[in-house]
Visitor: 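Quick one: structure below, then a few questions.
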2 protein chains.
Amino acid sequence: MTIETQAAAELLKAFSHPTRLAILKELQAGPKCVTDMEELLPARQANISQHLGVLRHAKLVDYAQDGALRCYYLCRPNLVEDMLKLVGRDEPIIKRSPEEIQADKERLAKAMMQQVTAKEKKPTEGASRRKVTQ
Amino acid sequence: MTIETQAAAELLKAFSHPTRLAILKELQAGPKCVTDMEELLPARQANISQHLGVLRHAKLVDYAQDGALRCYYLCRPNLVEDMLKLVGRDEPIIKRSPEEIQADKERLAKAMMQQVTAKEKKPTEGASRRKVTQ
DNA sequence: TTCGGATATTCGATTATTCGAATACAATAG
DNA sequence: CTATTGTATTCGAATAATCGAATATCCGAA
């Protein structure tokens, strides 16, 4: 489990709340302060502020102070845009047959075997000790 | 808060755990059964099974039964691939000055104003009534 | 049929997330 | 200064996520 994986999971956690997604969507249209968002979202001021804290911590938003107001904006707009696009997309869900899977596993096993024999001259017992149902 | 936003947040929640990300990464290389993953991940069998349950519920993986084994595979491989790429990417974090933000808000306000005056005859109720800080 | 290996589920304890209420803080006007 | 408005933080309760241990199930072999 690498550090990058942990970081990626944390980033995704910041995204994975409906109110936070809604905030990000609003900010795509332009910078807004908390009061603006209060009118646009079904959430109270404190709660919006809390979610903004999470987004700020994840470095997805930042703010510029304008008098008493804090104008929030996306500080990684492309990441946010691509993420919102991605989760909105609907890829057809594929169903694979046991035979396809089997073929895939064999192909993978063969590739591994080749890699092993290329390095060492000894054809070692590979990763999958599965018997092949033919 | 739309239904799609809720669905998107749920999907993201399924992604947002390091072990689940690691599972998805492993499955990118090819189908695997739980025992295979046990060797590759720092997690116990029951826990991996639990995470696979979450991923299955999110329609990110499915399995094909092969005897006593269940061969798991990605059932939306492109979504997974793009997601893993996206969270791995590092976009530079931008910092915007109050002046830029101000300009942006004015531009947005102007666009809204124009939209309103253009529709003047059709009272399609709905937009915001925010005052613009000048 | 029983056995053993592979996987799933249930249970309970621990920790994390979420929300509203209340409060604190910060900037500006008067 | 005080009052007001905008925003953040703290606190506590409710809910949800997470994990390991134990157990259940499912399948193929003997």
Side-chain angles (χ1 to χ4, degrees), chain A residues 1 5-6 9-23 26-27 31-58 61-73 98 101 105 128-134, chain B residues 1 5-6 9-23 26-27 31-58 61-73 98 101 105 130-134:
Chain A
M1 192 78 55
T5 302
Q6 311 243 30
E10 263 194 60
L11 178 61
L12 284 162
K13 236 191 248 180
F15 274 105
S16 54
H17 189 285
T19 299
R20 290 198 288 271
L21 285 181
I23 288 173
E26 293 299 340
L27 290 182
K32 292 193 178 44
C33 63
V34 179
T35 318
D36 292 333
M37 298 186 208
E38 252 187 291
E39 300 175 16
L40 296 167
L41 302 176
R44 312 290 175 86
Q45 177 268 322
N47 194 14
I48 292 178
S49 233
Q50 288 163 343
H51 284 304
L52 283 170
V54 172
L55 292 173
R56 222 182 321 142
H57 187 253
V61 309
D62 199 354
Y63 63 85
Q65 193 96 28
D66 168 29
L69 302 181
R70 290 185 173 187
C71 295
Y72 278 87
Y73 61 90
I101 297 297
K105 286 186 91 166
S128 80
R129 66 262 162 275
R130 287 287 309 136
K131 86 164 190 291
V132 176
T133 53
Q134 280 289 62
Chain B
M1 191 79 53
T5 302
Q6 310 244 31
E10 264 193 60
L11 178 62
L12 284 162
K13 235 190 245 180
F15 273 104
S16 56
H17 189 285
T19 299
R20 291 199 286 271
L21 285 181
I23 289 173
E26 293 298 341
L27 290 182
K32 292 193 178 44
C33 63
V34 178
T35 318
D36 293 332
M37 297 184 207
E38 253 187 290
E39 299 174 15
L40 297 166
L41 302 176
R44 312 291 175 85
Q45 177 266 321
N47 195 14
I48 292 179
S49 234
Q50 288 163 342
H51 284 304
L52 283 170
V54 173
L55 293 173
R56 222 181 321 139
H57 186 253
V61 309
D62 200 353
Y63 63 85
Q65 193 97 27
D66 169 27
L69 301 180
R70 290 186 172 186
C71 293
Y72 279 87
Y73 62 90
I101 297 298
K105 287 186 91 166
R130 292 291 308 142
K131 84 164 183 287
V132 178
T133 50
Q134 289 279 43

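Convention: sequence-line order gives letters A, B, ...; per-chain numbering from 1.
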Visitor: Report yes or no: is there a donor-acceptor pair, N or O only, under 3.5 Å between the side chain of Gln45(B) and the base of dG5(C)?
Guide: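 Not at all, since no donor on one side and acceptor on the other fall under 3.5 Å apart.
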Visitor: How many angstroms lie between CG in Leu40(B) and CE in Met1(A), if you round to the nearest 0.5 Å?
Guide: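 Rounded to the nearest 0.5 Å, the CG-CE separation comes to 11.0 Å.
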Visitor: Looking at Arg44(A), does any N or O in its side chain come under 4.0 Å of the phosphate oxygens OP1/OP2 on dC19(C)?
Guide: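 Answer no for this pair, as no side-chain N or O of Arg44(A) is under 4.0 Å from OP1 or OP2.
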Visitor: Can you find a donor-acceptor pair, distance only, under 3.5 Å between Gln50(A) side chain and dT10(D) base?
Guide: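 Such a pair exists between side chain and base.
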Visitor: Using OP1 and OP2 only, check whether a side-chain N or O of His17(A) sits under 4.0 Å from dA16(D).
Guide: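 So the side chain of His17(A) is outside the cut-off, no N or O lying under 4.0 Å from OP1 or OP2 of dA16(D).
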Visitor: Under 4.0 angstrom, heavy atoms only, what part of the nucleic acid is Tyr72(A) near: base, sugar-phosphate, or nothing?
Guide: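 Since only primed, P, OP1 and OP2 atoms lie under 4.0 Å of Tyr72(A), the category is sugar-phosphate.
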Visitor: Give the rounded distance in Å between these two atoms: NZ of Lys13(B) and P of dT15(D).
Guide: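 Rounded to the whole Å, the gap is 15 Å.
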Visitor: Report yes or no: does Arg20(B) contribute a side-chain atom to a donor-acceptor pair with the main-chain N or O of Ala14(B) at less than 3.5 Å?
Guide: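 Flag set: sc Arg20(B) to bb Ala14(B) pair under 3.5 Å.
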Visitor: Would you say His51(A) places a side-chain N or O within less than 4.0 Å of OP1 or OP2 belonging to dT17(C)?
Guide: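 For His51(A), the contact criterion (side-chain N or O under 4.0 Å from OP1 or OP2 of dT17(C)) is not met.
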Visitor: Toward the 5' end of DNA chain C, which comes first, Ala68(A) or Val54(A), by nearest nucleotide?
Guide: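 The 5'-side residue here is Val54(A).
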Visitor: Go nucleotide by nucleotide along DNA chain C from the 5' end; which of Arg70(A) and Ser16(A) gets its closest nucleotide reached first?
Guide: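 With Arg70(A) and Ser16(A) compared, the 5'-side residue is Ser16(A).
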Visitor: Return the CG to CG distance between Leu21(A) and Leu11(B), rounded to the nearest 0.5 Å.
Guide: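 CG of Leu11(B) is found 10.0 Å from CG of Leu21(A).
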Visitor: Per the atom types in the model, does the base of dG6(D) pair as donor or acceptor with the side chain of Gln65(A) at under 3.5 Å?
Guide: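 No, the side chain and the base share no sub-3.5 Å donor-acceptor pair.
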Visitor: Looking at NE2 of His17(A) and OG of Ser16(B), how far apart are the two atoms once the value is rounded to the nearest 0.5 Å?
Guide: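 Answer rounded to 0.5 Å: 11.5 Å.
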